[in-house]
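Order of the sequence lines fixes the chain letters, A, B, ..., with proteins taken first and strands second; residue numbering starts at 1 for each chain.
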Amino acid sequence: MTAALVEKKDARTPGPSGGNDLPPPSSHRRTKRERAFDDVPRWQIYLPLGIYLLFTLIPFYWMFLFAVRPAGSTSLVPWPMTGEHFNKVWNERSFAIFFQNSMLVGVATLIATTLVALAGGYALARFNFRIKGAFMLALLCSQFIPGALMLVPLFEIFKNLQMINSLGSVVIAETVFQLPLSIILISGFIKNVPISLEEAAWVDGCSRFKAFRTVVLPLLRPGLIAVGSFAFVHSWNHFLFALMFLSEQDKQTIPVGLNTLIGADSVDLGALAAGGVIAAVPVVIVFAFIQKWLITGFSAGAVKG
Amino acid sequence: MAHSAAVATPPPKGKASKRRSATPRRLPYLLIAPAGLLMLGFIAYPVISVFYYSLQNYNVTKPWRNGFAGFDNFTRIFTEDELFWPSLGFSAQWVIVQVTLQLALGLALALIVNQTFIGRGISRAMVFSPWAVSGVLTSTIWILLYNSSTGFSRYLADAGIGEYGTSVLSDTGTVFWAATLAELWRGVPFFAILILADLQSVSKELYEAASVDGAGRMRQFFHITLPHLRDAIILATLLRGVWEFNNVDLLYTLTGGGPAGETTTLPLYVANTGIEGHDFGYASALTTVAFVILLFCSIVYLRLSKFGGDNK
């Protein structure tokens with residue numbers, strides 16, 4: 001089923017920058033008809049967009065408000081501000097350590113996923129080999145396997161490897177479950193780079209690896225940013241593996257720390273909100289940075305399988 | 001797929017002529033080896049061990065009963081278990097409501113931010129941002145909104161709407177929609193991003209031609225946009241359906257499956273049985289059943305929707 005899809009869409013998407021082609025500025029005056037097509041009445045854009053923006057932003061604002069207003073206050077404006085909640089979660093509730101652990105896991109997962117997926121994606125995009133079909137099928141099928149239901153056998157594996165309470169176990173588990181989609185995405189991006197570019201480099205005497213590094217890799221930038229940021233955000237956010245494999249307090253990650261705050265006997269809402277802000281900041285920064293790449297990245301590779 | 005995977009090899013260089021025969025044949029296997037080995041060890045092996053344990057009595061707290069059980073676990077699921085059917089039913093309800101609403105809102109949102117208007121870039125960034133937020137963080141935020149003493153309802157009550165002390169998460173009548181709203185908040189951007197990406201490749205000329213022929217915006221949507229988005233929508237709904245079925249982060253932290261088991265999905269039930277109840281044999285049998293159901297539904301869905309069909 002994927003094969004059919006790939007072939008159909010390959011013809012349409014021109015390059016790795018992927019289908020973001022705006023029509024060239026037209027020199028002729030636009031007719032009334034064309035304008036009518038383009039110009040949706042403004043209120044039909046701004047009204048629903050405004051309502052949806054409220055739905056999106058109020059929850060963020062709410063968290064921010066609870067994080068910075070003094071305990072016991074019911075003010076709806078975040079003024080006067082206080083740092084007491086941040087101070088509390090960062091120092092007393094060990095969020096400083098959780099933050100460091102989450103960062104380590106996130107960056108390690110990003111690097112491992114990107115490298116392994118690049119190799120696999122290149123093999124799928126550029127070679128025919130005997131087990132290719134089976135490998136593709138395995139990648140697709142793995143999408144149906146719930147990580148949550150693999151917890152117990154995975155726990156036993158890591159126990160046998162003596163990796164319980166080591167951040168490595170979480171990095172491996174996150175990488176493995178991130179791989180299938182990443183390989184599929186990256187092979188889509190590589191297919192979009194015409195093989196003639198590589199062939200030209202070979203003729204010039206480049207080895208396969210050097211041709212890949214100097215010709216293909218730079219063109220894969222949007223794709224790699226999409227895949228890498230996916231891996232980072234996923235492992236930063238993911239909760240169950242860390243909850244299961246890391247029981248020592250100084251090994252835990254931010255989502256586990258948040259869950260502890262939620263589960264506390266009397267929930268300290270200010271501390272919870274401050275913890276939430278700490279959890280949100282890195283992904284919001286990553287997201288703001290990659291947001292544009294995400295659309296082009298997806299239109300170039302994602303839906304094509 | 002064959003045409004895009006052109007089997008070309010670099011010309012042999014003089015000294016490396018041996019590589020000519022050896023490398024190209026081995027290279028793809030070497031390249032997929034890391035991914036393949038990781039997936040064998042940490043996906044395939046656990047899956048097989050789940051299948052194996054589903055036929056066993058295996059309970060850490062009752063080791064004297066451990067041993068081959070045949071299909072006892074499965075018989076128990078379908079005949080004795082009083083939690084299996086309700087949790088399966090809730091899973092189905094959860095998946096269908098989530099995927100339908102996320103698709104509808106995501107599609108609308110994508111169409112809106114695909115227009116040209118002032119403030120488009122910043123609007124896109126803002127409406128898509130919950131995509132990057134985790135299940136636990138979503139729970140955190142919505143617990144702050146829903147809590148009865150200082151949550152949103154208190155301010156509504158101050159303004160004369162509703163009553164003080166309403167806690168939507170502990171009321172069986174409201175908990176489903178409270179959880180649904182929280183999950184929608186972070187789920188809609190996924191659809192919006194995928195659909196917006198696919199909208200980039202609709203040819204503008206088609207719309208212009210349709211416009212010249214007098215087709216209104218509604219007809220353009222149903223005859224050009226929707227058919228174009230078909231495959232993307234099928235794939236996105238399938239992936240999201242599987243994901244919503246499997247994902248336990250949000251419900252685990254927001255409602256804990258409660259109140260009174262009202263929001264316990266099948267995976268949540270499995271996790272409770274296996275992790276807290278230590279009944280791994282039975283949890284494995286439940287996992288197997290869940291897996292088969294998921295696979296079956298996915299195949300039926302792909303068949304019915306004629307995914308990748310030519311009627312585009």
Subject >> Contact winner vs chain A - B:Leu286, B:Leu294, B:Leu254, B:Asn147, heavy-atom pairs under 4.5 Å >> reply: B:Asn147

Subject >> Which portion of A:Phe135 sits near chain B, non-hydrogen atoms under 4.5 angstrom >> reply: side chain

Subject >> Per-residue contact mode, A:Glu156 against chain B (heavy atom under 4.5 angstrom) >> reply: side chain

**OP:** For each of A:Ile172, A:Leu118, A:Val284, tally heavy-atom pairs with chain B at distances under 4.5 Å, and name the one with the top tally.
**Re:** A:Ile172

Original post:
Closest heavy-atom contact between A:Ile157 and B:Gly41?
Top reply: CD1-O, 3.6 Å

**OP:** Assess whether side-chain contact (heavy atoms from CB on, under 4.5 Å) is satisfied between A:Leu53 and B:Met126, documenting all intermediate values.
**Re:** CA-CA 7 Å; A:Leu53 270 175; B:Met126 284 193 293; 3.7 Å; yes

**OP:** Check A:Ala123 against B:Pro28 and note the closest heavy-atom contact, atom names and distance.
**Re:** CB-O, 3.8 Å

Original post:
When only pairs under 4.5 Å are counted, which of A:Ile58, A:Leu139, A:Leu269, A:Leu179 shares the most heavy-atom pairs with chain B?
Top reply: A:Leu269

Original post:
At what distance, to the nearest 0.5 angstrom, does CD1 of A:Ile254 lie from OG of B:Ser134?
Top reply: 9.5 Å

Original post:
Does B:Trp131 have its ring centroid less than 6.0 Å away from the ring centroid of A:Phe230?
Top reply: yes

Original post:
So which of B:Asp249, B:Val50, B:Thr116, B:Leu184 has the largest heavy-atom pair count under 4.5 angstrom toward chain A?
Top reply: B:Asp249

Subject >> Residue pair B:Ser129 / A:Thr56: nearest heavy atoms and the distance that separates them >> reply: OG-CG2, 4.2 Å

Original post:
Once you round to the nearest 0.5 Å, how far does OG of B:Ser139 lie from CZ of A:Phe239?
Top reply: 8.5 Å

Subject >> Interatomic distance, A:Ile45 atom CD1 to B:Leu111 atom CG [nearest 0.5 angstrom] >> reply: 11.0 Å

Original post:
If you tally heavy-atom pairs under 4.5 Å against chain A, which of B:Ala33, B:Gly36, B:Ser284, B:Ala35 wins?
Top reply: B:Ala35

Original post:
Where is the tightest heavy-atom contact between B:Ile43 and A:Ser142, given as atom of each residue plus distance?
Top reply: CD1-CB, 4.3 Å

**OP:** Could you list the residues that satisfy side chain to side chain donor-acceptor pair (under 3.5 Å) with B:Tyr252, not counting sequence neighbours?
**Re:** none

Original post:
At what distance, to the nearest 0.5 angstrom, does CD1 of B:Ile141 lie from CE of A:Met63?
Top reply: 4.0 Å

Original post:
When rounded to the nearest 0.5 angstrom, what is the spacing between CG in B:Leu137 and CG in A:Asn237?
Top reply: 7.5 Å

Original post:
Can you find a side-chain donor-acceptor pair between B:Arg217 and A:Gln44 that sits under 3.5 Å?
Top reply: yes

Original post:
With only heavy atoms counted, which part of B:Leu181 is less than 4.5 Å from chain A, the side chain, the backbone, both or neither?
Top reply: both

Original post:
Are the side chains of A:Tyr46 and B:Ile118 in touch, meaning some heavy atoms are under 4.5 Å apart?
Top reply: yes

Original post:
What part of B:Val133 gets closer than 4.5 Å to chain A, counting heavy atoms only: side chain, backbone, both or neither?
Top reply: both

**OP:** Please tell me if the side chains of B:Phe42 and A:Phe177 come closer than 4.5 Å, counting only heavy atoms from C-beta onward.
**Re:** no

Subject >> Closest-packed option against chain A by number of heavy-atom pairs under 4.5 Å, given B:Tyr45, B:Trp142, B:Tyr29, B:Phe245 >> reply: B:Tyr29

Original post:
Most heavy-atom pairs under 4.5 angstrom with chain A, which of B:Val136, B:Leu199, B:Leu38, B:Thr138?
Top reply: B:Val136

Original post:
Taking C-beta and beyond as the side chain, do A:Arg208 and B:Leu27 meet within less than 4.5 Å on heavy atoms?
Top reply: yes

**OP:** Would you mind reporting whether A:Met150 and B:Val47 have side-chain heavy atoms less than 4.5 Å apart?
**Re:** yes

Subject >> Side-chain heavy-atom pair B:Val188, A:Phe55 within 4.5 angstrom cut-off >> reply: no

**OP:** Decide if the gap between the ring center of B:Phe280 and the ring center of A:Phe155 is smaller than 6.0 angstrom.
**Re:** no

Original post:
Is the A:Phe60-B:Trp185 ring centre distance short of 6.0 angstrom?
Top reply: yes

Original post:
For A:Ile278, is it the side chain, the backbone, both, or neither that has a heavy atom closer than 4.5 Å to a heavy atom of chain B?
Top reply: neither

Subject >> By ring pair (Phe, Tyr, Trp, His ring centres under 6.0 Å) - contacts of B:Phe291 (at least two apart) >> reply: none

Original post:
Counting only heavy atoms not in B:Tyr52, do more than 12 fall under 6.0 Å of its OH?
Top reply: no

Original post:
B:Asn247 versus chain A, heavy atoms under 4.5 Å apart: side chain, backbone, both or neither?
Top reply: neither

**OP:** For each of A:Leu65, A:Ile183, A:Ile131, tally heavy-atom pairs with chain B at distances under 4.5 Å, and name the one with the top tally.
**Re:** A:Ile131

**OP:** Below 4.5 Å from any heavy atom of chain A, which atoms of B:Arg124 appear? Answer side chain, backbone, both or neither.
**Re:** both

Original post:
Between atom CG of A:Asn259 and atom OG1 of B:Thr140, what is the distance when rounded to the nearest 0.5 Å?
Top reply: 8.5 Å

Original post:
Does any heavy atom of chain A fall under 4.5 Å from the side chain of B:Tyr146, the backbone, both, or neither of them?
Top reply: neither

Original post:
For B:Ala290, is it the side chain, the backbone, both or neither that has a heavy atom under 4.5 Å from a heavy atom of chain A?
Top reply: side chain

Subject >> Heavy-atom pair count under 4.5 Å with chain A, highest-scoring of B:Val242, B:Leu145, B:Thr253 >> reply: B:Leu145

